[in-house]
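Shown next, in structure tokens, is the structure this report addresses.
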Amino acid sequence: DAGVIQSPRHEVTEMGQEVTLRCKPISGHDYLFWYRQTMMRGLELLIYFNNNVPIDDSGMPEDRFSAKMPNASFSTLKIQPSEPRDSAVYFCASSSGDRPSGNTIYFGEGSWLTVV
Amino acid sequence: QQQVKQSPQSLIVQKGGIPIINCAYENTAFDYFPWYQQFPGKGPALLIAIRPDVSEKKEGRFTISFNKSAKQFSLHIMDSQPGDSATYFCAASKGSNYQLIWGAGTKLIIKP
């Protein structure tokens, strides 16, 4: 399996611009997660989906952030307008949910976002 | 009560030594405790995990020790190698809740 695929790997954008991060989860996985990682705040869960439906978006920092999952093989995380404090590594991850608990979460390699 | 406290923040060990990373939690409802390993430029990857019904789990050179009464668990790396240099995260979750509560991470450096 190719694993979780994220794009772009690196993005540098100017403050105020729209940023769209993309993710293809592992085939057959029915849970998808978006995480943000920074030195100051560590790993933060932004939102997760089950069977393409958002289950918990309480980690989304503010209305500038939105996430969609139009089908089982694709998700986007959008930031509009972007701000310098959004600079971070954004990880997409997926999981199979085939056990009642403790399912392994598989991470992509991340999208490194710099907002200048 | 939802926090997982991880220590130390960073650790330097000579090759062959046994680095130990500790985590503590408050929520007794947690029933799954994984450790993830993250190399620079990569996403975290599951290394080993334990449930509270056992006190120890070994996978190769990696061992989790679990102390339910103290609400603590730790990762030991036997015969550590420079290739083990990475950031290690402990985490916890309860039941079918997919919201892993993450520790802050430990940056481990193994010196040749």
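This structure is a prediction, so every number in the text was calculated from the model and none was measured. Numbered from 1 within each chain, the chains take letters A, B, ... in sequence-line order.
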- Query: Are there more than 12 heavy atoms of other residues, nucleotides or ligands under 6.0 Å from atom CD of A/E62?
  - Reply: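 Check passes, neighbour count above 12.
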
- Query: CG of B/D53: more than 12 outside heavy atoms within 6.0 angstrom?
  - Reply: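 Counting other residues, nucleotides and ligands, CG of B/D53 exceeds 12 neighbours.
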
Please classify the contact between [X] and chain B as side chain, backbone, both or neither, with a heavy-atom cut-off of under 4.5 Å.
| X | result |
| --- | --- |
| A/I105 | both |
| A/R9 | side chain |
| A/F91 | side chain |
| A/Q37 | side chain |
| A/N50 | neither |

In terms of hydrophobic clusters joined by side-chain contacts under 4.5 Å, are [X] and [Y] together?
| X | Y | value |
| --- | --- | --- |
| A/Y31 | B/W102 | yes |
| A/V4 | A/L113 | no |
| B/L46 | A/F33 | yes |

- Item | Region of B/P44 in contact with chain A, defined by heavy-atom distances below 4.5 Å | both

- With a 4.5 angstrom heavy-atom cut-off, could you sort out which part of B/Y36 is near chain A: side chain, backbone, both or neither?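 The side chain, not the backbone.
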
- Item | Which of B/A91, B/G103, B/G41 touches chain A most, by non-hydrogen pairs under 4.5 Å |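 Heavy-atom pair counts peak at B/G41.
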
